[in-house]
Amino acid sequence: VYNAQPTMMPIMVFNMVQTSIRHGNNASACIAFASMAMLYQCVFGNPSKASDLVVAADHLLNSPDVQEVGRVKARSIMLCYCFVHHWHSPIQQTLAPFIEGYQAGLYSGDTEAASVNLSS
């Protein structure tokens, strides 16, 4: 969405989170919460809410249903650790998750997320 129409991204993210809240969480809810965390950190300037959403995304990311979906894992790690996590924790703590996101992206064929995880 961001590449095609950047002004629509917040609306799409809000709809993704709202759908997850209404109908329950699944693998795509990780990306929804991670994207919302990115918006809270980068656009709205609210790091405490961003941290809470990263915790929610990490919790969902560690559930058995999501572990099988490498694309979701690669994208969620990219969003959480590239935009939010490094503001609150030492940068050394982001290296292992970025490698994990890179490997998940390669395994699932999501070379875009894999390359962003590797270059971050």
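- Donor-acceptor pairing under 3.5 Å is recorded for the side chains of Ser28 and Asn26.
- Between the OG atom in Ser76 and the CZ atom in Phe33 there is a gap of 11.0 Å [rounded to 0.5 Å].
- Taking every heavy atom of both residues into account, Ile77 and Pro97 meet most closely at CG2-O, 3.2 Å.
- The two residues Ser20 and Ala32 make their nearest non-hydrogen contact at OG-CB, 4.4 Å.
- The aromatic rings of Phe44 and Phe14 sit parallel, their planes meeting at an angle under 30°, below the 60° perpendicular limit.
- Rounding to the nearest 0.5 angstrom, the gap separating the OG atom in Ser108 from the CZ atom in Arg75 is 8.5 Å.
- Applying the salt bridge (charged side-chain N to carboxylate O under 4.0 Å, His left out) criterion to Asp58, with sequence neighbours excluded, gives no partner residue.
- Between the CE atom of Met16 and the CD1 atom of Ile11 there is a distance of 14.0 Å, given to the nearest 0.5 Å.
- Other residues, nucleotides and ligands contribute over 12 non-hydrogen atoms within 6.0 Å of the NE2 atom of His86.
- In this structure, Cys80 and His85 have side chains that are not in contact, with every pair of non-hydrogen atoms separated by 4.5 Å or more.
- Both Ile21 and Leu53 are members of a single hydrophobic cluster when ILVMFWY side chains are connected at heavy-atom separations under 4.5 Å.
- Counting heavy atoms from C-beta on, the side chains of Cys82 and Phe98 come closer than 4.5 Å.
- The side-chain heavy atoms of Asn46 and Gln41, taken from C-beta on, include no pair separated by under 4.5 Å.
- Through direct or indirect side-chain contacts shorter than 4.5 Å among Ile, Leu, Val, Met, Phe, Trp and Tyr, Leu106 is connected to Tyr102, Leu118.
- The line from CD1 of Ile91 to CD of Gln93 is 10.0 Å long, rounded to the nearest 0.5 Å.
- Taking each heavy atom of Tyr40 and Lys49 in turn, the nearest pair found is CE2-CD, 3.7 Å.
- No donor-acceptor contact under 3.5 angstrom links the side chains of Asn117 and Ser115, judged on distance only.
- Contact between Met78 and Ala113 at its shortest, heavy atoms only, is SD-CA, 4.3 Å.
- Of all non-hydrogen atoms in Val17 and Met36, the two that sit nearest each other are CG2-CB, 4.0 Å.
- Nearest heavy-atom pair across Leu79 and Met38 is CD2-SD, 3.9 Å.
- The same ILVMFWY cluster, assembled from side-chain heavy atoms under 4.5 Å apart, contains both Val54 and Val43.
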